[in-house]
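The structure appears right after this line, and notes come after that.
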Amino acid sequence: MEPESGLSPPRNPSQLSWPNLSRNLLLAYQSLGVVYGDLSTSPLYVYSSAFSGRLDEKESEETILGAFSLIFWTLTLIPLLKYIFIVLSADDNGEGGTFALYSLLCRHAKFSLLPNQQAADEELSTYKYGNAVHAVGSSPFKRFLEKHKKLRTVLLVVVLFGACMVIGDGVLTPAISVLSSVSGLQVTENKLTDGELLILACVILVGLFALQHFGTHKVAVMFAPIIIIWLISIFAVGLYNVIHWNPKVISAISPLYIIKYFRETGKTGWISLGGLLLCITGTEAMFADLGHFTALSIRLAFTFFVYPCLVVQYMGQAAYLSKNLDKIPNSFYDSIPEPVFWPVFVVATLSAIVGSQAIITATFSIVKQCHSLGCFPRVKVVHTSRHIYGQIYIPEINWILMILTLAITIGFRDTTLIGNAYGLACMTVMFITTFLMALIIIFVWYKSIFLAGAFLLFFLAIEGVYLSAAFIKVPQGGWVPLVLSSVFMVVMYIWHYGTRKKYNFDLHNKVSLRWLLGLGPSLGIVRVPGIGLIYSELATGVPAIFSHFVTNLPAFHKVLVFVCVKSVPVPYVSPEERFLIGRVCPRPYRMYRCIVRYGYKDVQRDDGDFENQLIQSIAEFIQMEAEEPQFSSSESSLDGRMAVISTRNVESNTNLIISVQEEDIGSSSSIQSSKSLTLQSLQSVFDEDNPVRRRQVRFQLPSDPGMDPAVREELMDLIQAKEAGIAYIMGHSYVKARRSSSFVKRFMIDILYSFLRKNCRGPSVALNIPHISLIEVGMIYYV
């Protein structure tokens, strides 16, 4: 269950030192293949999308130059000014994206709607990142937002809507990128028909999604060279076209050409902004993929390489089109000199695949983060790399994306219509980022509300104009991201609503600890050797499911651990701070609590070491409790204090003797945890089907005469219970609405939420619990 290490690299205060600069230059090189694939392929379709519709009636050299001026200033103001110089500074422990901004806001103000939040979470090192401990007086605006839960809910809905739009990008980006790249075959002498072109695009798309389970790391080494060759190629072609066709196009950098453009085109020019905004699609990736690089490396790559190449390419296309107005439908490929057409075509196709790959991977990450917030059904997360943090693959989402992408490609068959949908999705995400950044300026950076207002008004004015133009094109394809986002939002809302109702039921039906104390250490039943791990969403108290065991079963495990796996509003939790260990009831009961904390970027790995880490952590807690009185729970306390136990240092701190042996479980001939021959045979069959190399750990207690006898006895019980075997106990719950509930609530809970629960991954799969050791207890929740 331990995630890959996701700690951001240490920040060197001397940004200009040679070691730091060389490292950032290397990261800048790598970022070209991951971050800029989508943005760098925009020249394939921007001009053709902008000059579709009624604008083709007003094609002239002045309108072409005006369109280029708009592109230049859009690239300058939004990617360069907004993202490079402002938004990249709002990282969350080196992570970026919509969820990073939301996480920052939740930590600096009480905006979080996540259950199970504890004061101990605020002691996490990543929680205090940046200005988190900056003490300022609570402003009236902050108190107003914290007081009204509906406003906090609206904030979460806005964040989730942005996430849904990113998922929509994951559908539209492969469609428009691949279809635009292969459209170059229609300008050759032996040009393909529309049907043949469509088949070729679909074959490439199917291959792209079919290869996802291998992970990007195996081909990522080629991503950066492909994008570098692509950017150099379009820069060279653009420079050639400027010199050869119309050197005067350089003067169009002046914003006066924008005024002339709108004066000549009027309302039609405003509608054309829905196509021109495609020049900045993919910009959000600079912030969303920040966690894999550094802000400086992304700034270097864009400012000194990507930005100049794109500007010169758009300038070159404008120079060519100003003298060849009839070539607008295939402006990019027509502007390529014939001797270099085929090399550029091949690189364009490869670049489109690279750009699509990046957004697909980002979609997997977004879905995983939504699940961390309790807003997406459980899905299977596969780790495609043991070394690269965050490289995941989600099979269900991959095939859903493929089906939707093929449907869009076959249904529209036109890059202009897909571009209308794509532009609306991208601009909506940027619009939401601007809104969240204004809150960041107030609550995280502690700047004046007037400064935040100036930022908001300036960029919302620009993006609002583009967004209004994109909404005009809703009937011409723009409805696609709205429909997709609405469907995903409904799924997220129903899942969040159902899980919160279930959690509230557990919260209000906890087992009374006084009742347990009245039963005595034996709990009124036989305590047999072994460890029972009882999983629950509750971070405090005993879940109602436990009372089913105590009242209906004649025996239970000698050592009980209530395990709560929860998410906290930080990007990751370091292994040293992951486990919170505490005691439930006095020492003779042998009942403990373990809270396992994960950040929204953390991913759980099935490395088979969770049981051993848990045992070591409990042993360390037992000794810490005896040595440090502040952790000791008195006989009168019902629930002891929790302590953070470092899983990395615990081996060196604990007095247990640990022997470790690496072996393949699939070839194991003895099963220590199963005493019955039937269970041994079942375990053997399971291990043969699921061969995994695990650490075989045995614990022994040293002969230390100075050890407290009570501590020695408790540690011996823990070791013997571990040798006897570990069982995982979960509730197999059925959630139903009360009979007195309204029709809408009964429809949502009994029909929609039940459908999602039946068709998503079970909690045991999501938590990587071995099926052979799982015990499920049926329970009906009337919410």
Once salt bridge (Lys or Arg N to Asp or Glu O under 4.0 Å) is applied, do any residues pair with [X], and if so which ones, sequence neighbours excluded?
X	answer
K82	E463
K447	none
E61	K323

Residue pair [X] / [Y]: nearest heavy atoms and the distance that separates them:
X	Y	result
F435	L456	CA-CD1, 3.9 Å
L310	L75	CB-CD1, 4.3 Å
M165	A425	SD-CA, 3.7 Å
S322	N246	OG-ND2, 3.1 Å
L88	M286	CD2-O, 3.6 Å
S48	T416	O-OG1, 4.2 Å

Does any donor atom in the side chain of [X] or [Y] lie under 3.5 Å from an acceptor atom in the other side chain?
X	Y	result
S335	Q317	no
S272	Y261	yes
T126	N93	no

Is there side-chain contact between [X] and [Y], with at least one heavy-atom pair below 4.5 Å?
X	Y	result
H108	Y446	yes
I353	I226	no
F262	L70	yes
I280	M427	yes
Q313	F332	yes
I360	L208	yes
F459	M430	no
S183	Y45	no

Drop me the distance from [X]'s [atom1] to [Y]'s [atom2], to the nearest 0.5 angstrom.
X	Y	atom1	atom2	value
L436	I441	CG	CD1	11.5 Å
L155	L439	CG	CG	6.5 Å
R263	K260	CZ	NZ	8.0 Å
I227	L39	CD1	CG	10.0 Å
L300	F305	CG	CZ	13.0 Å
F72	I250	CZ	CD1	11.5 Å

Requested in this report: Go through L321 and F68 one step at a time and tell me if the side-chain contact (heavy atoms from CB on, under 4.5 Å) criterion holds.
Outcome: CA-CA 11 Å; L321 292 176; F68 165 68; over 6 Å; no
Can you check whether [Y]'s main-chain N or O pairs, donor with acceptor, with [X]'s side chain at less than 3.5 Å?
X	Y	value
S69	L65	no
S31	A28	yes
Y36	I298	yes
S297	T294	yes
T98	V159	no
T349	F345	yes
T41	S351	no
N24	N20	yes
K368	I394	no

**Report entry** Passing option when D92 is tested against Y572, Y600, Y102 for side-chain hydrogen bond (donor to acceptor under 3.5 Å, both in side chains)
**Finding:**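 The residue from Y572, Y600, Y102 that satisfies side-chain hydrogen bond (donor to acceptor under 3.5 Å, both in side chains) with D92 turns out to be Y600.
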Query raised in the report: Do the ring centers of F111 and F443 come within less than 6.0 Å of each other?
Result: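 Aromatic pair counts; centres sit under 6.0 Å.
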**Report entry** Results of side chain to side chain contact (heavy atoms under 4.5 Å, CB included) for T405 - residues two or more places apart only
**Finding:**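 In terms of side chain to side chain contact (heavy atoms under 4.5 Å, CB included), with neighbours along the sequence ignored, T405 is linked to V171, P174, A175, L205, F209, T409.
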Query - Partners passing side chain to side chain contact (heavy atoms under 4.5 Å, CB included) against I442 (at least two apart in sequence or in another chain) - result: F141, I449, A452
For [X], side-chain hydrogen bond (donor to acceptor under 3.5 Å, both in side chains) partners two or more places apart:
X	value
R152	none
Y307	T76
W270	S468
T74	Y466

Query raised in the report: Can you pull the side-chain hydrogen bond (donor to acceptor under 3.5 Å, both in side chains) pairs that have at least one residue in residues 166-182, sequence neighbours excluded?
Result: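 For residues 166-182: T173-Y422.
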Query - Test log, rule side-chain contact (heavy atoms from CB on, under 4.5 Å), inputs V34 and Q30 - result: CA-CA 7 Å; V34 177; Q30 295 172 345; over 6 Å; no
Acceptor/donor pairs from residues 230-240 side chains to any protein atom, 3.5 angstrom cut, sequence neighbours excluded:
{"from": "W230", "atom 1": "NE1", "to": "S40", "atom 2": "O", "distance (Å)": "2.7"}
{"from": "S233", "atom 1": "OG", "to": "I229", "atom 2": "O", "distance (Å)": "2.6"}

Report task. Determine, step by step, whether S60 and T63 satisfy the side-chain contact (heavy atoms from CB on, under 4.5 Å) criterion, reporting the C-alpha distance in whole Å, the side-chain angles of both residues, the deciding distance to 0.1 Å, and the verdict. Result -> CA-CA 5 Å; S60 65; T63 56; 3.4 Å; yes
What pairs of donor and acceptor atoms, side-chain ones from residues 469-488 against any protein atom, are under 3.5 angstrom apart with sequence neighbours left out?
{"from": "S485", "atom 1": "OG", "to": "P481", "atom 2": "O", "distance (Å)": "2.7"}
{"from": "S486", "atom 1": "OG", "to": "L482", "atom 2": "O", "distance (Å)": "2.6"}

Report task. Could you check whether the rings of F51 and Y47 sit parallel, tilted or perpendicular, using 30° and 60° as the cut-offs? Result ->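 Rings of F51 and Y47: parallel, under 30°.
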Query raised in the report: Do you know which of L44, L417, I418 makes side chain to side chain contact (heavy atoms under 4.5 Å, CB included) with I176?
Result: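 Going through L44, L417, I418 one by one, the side chain to side chain contact (heavy atoms under 4.5 Å, CB included) with I176 is satisfied by I418 alone.
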Report task. With side-chain contact (heavy atoms from CB on, under 4.5 Å) as the test, would you mind laying out the steps for L156 and L373 before giving the verdict? Result -> CA-CA 10 Å; L156 177 61; L373 286 175; 4.2 Å; yes
